[in-house]
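Notes to accompany the following structure.
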There are 2 protein chains.
Amino acid sequence: MEQTADATPWAGRDARARERAAKREAVLRTAAQFFNARGFHATSLDDVAAALNVTKPTIYHYFASKDEILFECTRRGLDNIAGAARDAALRGGSGADRLRQMLTAYAHVIVADYGICVARTQDHQLSPESSARFRALKREIDGLIRQVIAEGAADGSLEVRDLRIAAFTLTGALNGLANWFDPAGPASADQVIEATVATLMDGMLP
Amino acid sequence: MEQTADATPWAGRDARARERAAKREAVLRTAAQFFNARGFHATSLDDVAAALNVTKPTIYHYFASKDEILFECTRRGLDNIAGAARDAALRGGSGADRLRQMLTAYAHVIVADYGICVARTQDHQLSPESSARFRALKREIDGLIRQVIAEGAADGSLEVRDLRIAAFTLTGALNGLANWFDPAGPASADQVIEATVATLMDGMLP
DNA sequence: TTGGCATGTTACCAGGTAGTATAGACGCTA
DNA sequence: TAGCGTCTATACTACCTGGTAACATGCCAA
């Protein structure tokens, strides 16, 4: 994947940029884990800094505000979902096949660090600007899902009463996974996700 | 319903108790609305007090802590859900009929003030003791739902792969309603709930 | 009348945390 | 060697808000 054959300790040039990006990522990962474990407000940047063996001003060297950190966490989660959804949309098969793929990919992201941030973050935790971008990204994903559902309805592989409500119902159920699924529990993520998606596709009736 | 023909402004005796209870309820209602609009942490008790034309110590005359206020809000929501669920469980009809009733009742509560509190409150916002009670109440409701699903599976009116996952999927989708349903939107609560429950029961496949 | 309970108020404290000012250390470049 | 940009720490401020102490008022019961 990477051809970084640094044979010299003098990394030089753009290696600096790579390190900076890596440190940004480290801050985000750690922050996301704290947010998920304790909640956004209950997490102080001193906590995050301490976990990374640095101090708070160091974090402010990489991010402008706590709000930016939370937003970047959710943006990564939403980007992951959107990417997976686009991939699924481009696959072959019926609308139903692609919807199943899309829901499965969505679920896999939503139970990971950044995905949990997405599911748990509420608008009013972000600044007005970040909140607007956050909602815009979510709307984009919603559009992708509705499109696949519509295609499924058109090709007869899905049966839909209300496009909007169907999409919200599906994403709502998957977001719920972020709140109750426990990786340390009895069932693996794959098993839980497979069963959840099957429940949504098949419904409760025989 | 009430035979309180107070012909005198001196209410006396147990009327005091009723007033006290009414004031407690008023605090909870107002607090719940603030929590839902701005979030728990972003709502100060001064805000709530001001909206009620009193001051903060007055609120502390009725509640011991902010934690207690949040917990009582969620408790009311959960009690409403549990009550509705028990009613539905006692109705006649197949398991599928009763499940549909139960989900519909659940949804009606979850889009109201206290229900939104339930859906949005996360464990770490409550004290350890309140959190434990909160989870216990939720577990109880989960048990009611699983029981009806199991009965539906037994009488053949439902088809279930995994009881636990099915219950979580259903409640997750309904909890999502609290986050996106807008009473001022184009569709009424009844319509949205009916379509959501139908989607869950029937699934996406034809 | 007197004491006690319920209800409120004004004024205040304490703790925690986002964010900053300042200065030092390191490595690269000229 | 001089100097610049990057990165980090110490020490601090500002502010908000949960919670409390002390006091005022009025109703009720003995």
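Each chain gets a letter, A, B and so on, in the order the sequences are listed, and its residues count up from 1.
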### Query
Glu19(A) has an atom CD; how far is it from atom C1' of dC28(C), in whole Å?
14 Å
### Query
Is the closest basic N to carboxylate O distance between Arg161(A) and Asp202(B) below 4.0 Å?
no
#### Entry: Geometric cation-pi criterion, Arg75(B) with Tyr114(B): 6.0 Å, 45°
no
### Message
So Phe71(A) and Gln125(A), do their side chains get closer than 4.5 Å, heavy atoms only?
### Response
no
## Note on the structure
Side-chain contact check for His61(B): nearest option of dT7(C), dT8(D), dG8(C) is dT7(C)
### Task
Please work out if Phe63(A) contacts a base, only the sugar-phosphate, or nothing of the nucleic acid, heavy-atom cut-off 4.0 Å.
nothing
### Query
dT8(D) phosphate, OP1 or OP2: any side-chain N/O from Tyr62(A) under 4.0 angstrom?
yes
### Query
OP1 or OP2 of dA9(D) less than 4.0 angstrom from a side-chain nitrogen or oxygen of Thr58(A), does that happen here?
yes
### Task
Look at Asp97(B) together with Arg91(B) and state whether they make a salt bridge at an N to O cut-off of under 4.0 Å.
no
### Message
Under 4.0 Å from OP1 or OP2 of dT6(D): is there any side-chain N or O of Arg20(A) that close?
### Response
no
### Query
At under 4.0 Å, does any side-chain N or O of Lys23(B) touch on OP1 or OP2 of dA6(C)?
no
### Residues from residues 44-57 of chain A lying under 4.0 Å of DNA chain C - heavy atoms
Ser44(A), Leu45(A), Lys56(A), Pro57(A)
### Query
Do Asp47(A) and Arg38(A) come close enough that some side-chain heavy atom pair is under 4.5 Å?
yes
### DNA chain C-proximal residues of residues 25-32 of chain A, any heavy atom under 4.0 Å
none
### Query
For the atom pair CG (Leu70(A)) and CZ (Phe134(A)), what is the distance rounded to the nearest 0.5 Å?
8.0 Å
### Query
Once you round it to whole Å, what is the distance between P of dA23(C) and OH of Tyr60(A)?
22 Å
#### Entry: Distance, rounded to the nearest Å, where Ile59(B) contributes CD1 and dT17(D) contributes C1'
13 Å
### Query
So, the side chain of Lys56(B) versus the backbone of Ser44(B): is there a donor-acceptor pair under 3.5 Å, distance only?
no
### Message
Does Tyr106(B) form a side chain to side chain contact (heavy atoms under 4.5 Å, CB included) with Ile141(B)? I'd like the steps, not just the answer.
### Response
CA-CA 10 Å; Tyr106(B) 187 119; Ile141(B) 292 170; 4.2 Å; yes
#### Entry: Integer-rounded Å distance: dT17(D) P and Phe34(B) CZ
12 Å
### Message
Measure CG/Asp67(A) against C1'/dA18(C) and give the value in whole Å, please.
### Response
12 Å
### His41(B) NE2 to dG16(C) P, straight-line distance once rounded to whole Å
14 Å
### Task
Output the distance between atom NE2 (His124(B)) and atom CZ (Phe35(A)), rounded to the nearest 0.5 Å.
11.5 Å
